[in-house]
Structures are given as structure tokens and as C-alpha cells.
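First the structure, in the form of C-alpha cells, and then the observations on it.
The chains referred to below are lettered A, B, ... by the order of the sequence lines, with proteins before strands, and numbering in each begins at 1.
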Protein chains: 2
Amino acid sequence: MDRLFQALADATRRDIVSRVLVAEYSVSGLAEQYAMSFAAVQKHVAVLERASLVTKEKRGREQIVRGRVDAVQRARRLLDEYEHIWRQRIDRIGDLLAEDASDQD
Amino acid sequence: MDRLFQALADATRRDIVSRVLVAEYSVSGLAEQYAMSFAAVQKHVAVLERASLVTKEKRGREQIVRGRVDAVQRARRLLDEYEHIWRQRIDRIGDLLAEDASDQD
DNA sequence: GTAACGTACAACCATATGGTTGTAGTTCAG
DNA sequence: CTGAACTACAACCATATGGTTGTACGTTAC
């Protein structure tokens, strides 16, 4: 999870993710999109790969990068959990208020 | 967004978030929960605050920390978007296959 | 075969991060 | 008033991060 959120904590990497979820890109194809060196983009892709957010597959002399929606879903599920436990607290507070109301009967 | 995901990229901070979404904690109350110095926890809370994941409210000599579900939702919505654009690609591929099928008619 | 392309990786730099200890200011209790 | 509790913040350290340039290697095209 650390690596997953860490990988998402950079605008360039988030942009790469959104691109490779739509279509395939070679590493150099991605590098063309950004105003930084090829090596820098290569590092970003490596971070995304370690976080399981993308896969790389060799095709000829190119390395094809694809997005992995399952990793996105893993992160989303954790945030869903947070919303859930928050909602439970709200519900609990609602219950307490209901109890107070019945006390006053 | 950078700060949001950066804040979530640490297990201690995620644990703090899950706690303060359930109940209120003072900073020292949180610090008791972890095997690190008070100052370290204080820094984590500061990171979460800059990311809008928690709020601090002074109450007497204590500082009460509360979780902000809206920030969690902002992060979740971005991940939802990613899933959405991925699904669109899948749909597009489905459409292409359907076209191929009709070509063969 | 050779030149160009795509990639990998190391070395380097500046800055950020996660932790520590120490000092100091407020607030509460006795 | 004095001491203890809660917090803030600075200084410091080790390591990680995001960027660069340079070098080396496999692959493709001519």
C-alpha cells in the first residue's frame, strides 16, 4: 500500500497511469509526452511498476507499458473502507440520538 | 492531490486516519498508540493536516484531531475516474469486436 | 556491417522525508 | 505559585526522491 499511494503521489506518474489505462505506450512514447529526460520518465515507470500500477512487456526493441486497473481498485477499496468506518460512526451517533429521544419519552 | 496521496503513503498515517475517522483523539492520545516519539506523531498529523485529511481544533491544552471524509472522497473519486477510463477502453474494444463480427456477416 | 533507436543503469546533485532530541510556550491541577 | 501535561518548533541525521548526464547493450533498418 505504501508503494501504491507513493506512486500515485506524483502528477507525472498519475498522468502516465491515466494514459496507459486508455492505450498502450512504449517507454519512449511516454517520454515524448513530458518535458523531462527519457531517464526520468523511465524512473517514473519503474516506480509505477514496483507499485503494480503498470506492467512492462518487451516487444522487439520496445517496452510496452500497460495500466493495471486491479491496483487502482486495491487503492480505491481502502478508501472505501475509510468512508465505511466513518459512516458507521455517523450511524452510531444517530443511534445515540435515537436513544436520547426514547429516554425522553 | 500530490499531498493527499503522499499523506496516505505511510502506514502510520493511514492508521491515524482510520482512527480519527472513528473517534476524536488528542495528539498525545494518538502518540500513545505508536512506538515512536511524540514529535514524530506530531509531524505525521501535520502532514495529514496539510493534505486536508484531518483537522485540528484546540480544546483547552489539548489539540483534538478529527478525520475529514471529504478528502478521502476526493482521492477515491480520482481512482474512480481511472477505473472509468479503463472501462471505456474495454467497451471500445468490445465495439471493435462487434464491428468485426458484423463485417463477417 | 553500421548507424540509429529504445532501453537499462550508474553516478551525481538538490531537496524531501521520517525519525530523533532538545527547548520553550500554554494550560491545568494542587 | 509551582509543577506537570500538552503542544509547537528547531536542529540534526540517515535515507529516499526526482531530476540530470553519461555509458553500455540489444534490436531494427538500410
Distance check: side-chain N/O of [X] vs OP1/OP2 of [N], anything under 4.0 Å?
X: A/Thr12; N: D/dG18; result: no
X: A/Ser26; N: C/dG6; result: no
X: A/Gln63; N: C/dT7; result: no
X: A/Lys56; N: C/dA8; result: yes
X: A/Ser28; N: C/dT7; result: yes
X: A/Ser37; N: D/dT20; result: yes

Notebook entry, point to check: Checking all strands, does B/Arg13 fall into the base, sugar-phosphate, or nothing category for heavy-atom contacts under 4.0 angstrom?
Noted result: sugar-phosphate
Write down the distance between [atom1] ([X]) and [atom2] ([N]), rounded to a whole number of angstrom.
X: B/Glu57; N: D/dC6; atom1: CD; atom2: C1'; result: 16 Å
X: A/Glu32; N: C/dG6; atom1: CD; atom2: C1'; result: 11 Å
X: A/Met36; N: D/dT17; atom1: CE; atom2: P; result: 16 Å
X: A/Gln42; N: C/dT7; atom1: CD; atom2: C1'; result: 6 Å
X: A/Asp2; N: D/dT17; atom1: CG; atom2: C1'; result: 15 Å
X: B/Lys43; N: D/dA11; atom1: NZ; atom2: P; result: 12 Å
X: B/Arg59; N: C/dT26; atom1: CZ; atom2: P; result: 21 Å
X: A/Lys58; N: D/dT28; atom1: NZ; atom2: C1'; result: 13 Å

Next item on the list: Verify, without hydrogens or angle tests, whether A/Glu24 (side chain) and A/Arg66 (backbone) share a donor-acceptor contact under 3.5 angstrom.
Entry: no
Checklist line | A/Gln6 vs A/Val27, nearer the 5' end of DNA chain C by closest nucleotide | finding: A/Val27
Checklist line | Heavy-atom pair with the smallest gap, counting every atom of A/Leu79 and B/Arg76 | finding: CD1-N, 3.5 Å
Item checked: Salt bridge flag under 4.0 Å for residues A/Asp15 and A/Arg19 -> yes
Margin query: On DNA chain D, compare the nucleotides closest to A/Gly60 and A/Phe38; which residue's is nearer the 5' end?
Written below: A/Phe38
Notebook entry, point to check: Between A/Asp10 and A/Arg61, which is nearer to the 5' end of DNA chain D once each is assigned its nearest nucleotide?
Noted result: A/Asp10
Note to self: Walk me through whether A/Glu83 and A/Arg87 qualify under salt bridge (charged side-chain N to carboxylate O under 4.0 Å, His left out).
What the structure shows: CA-CA 6 Å; A/Glu83 289 196 43; A/Arg87 236 169 267 283; 3.3 Å; yes
Next item on the list: Report, as yes or no, whether the 6.0 Å neighbourhood of atom CZ on B/Arg3 holds more than 12 heavy atoms from other residues, nucleotides or ligands.
Entry: no
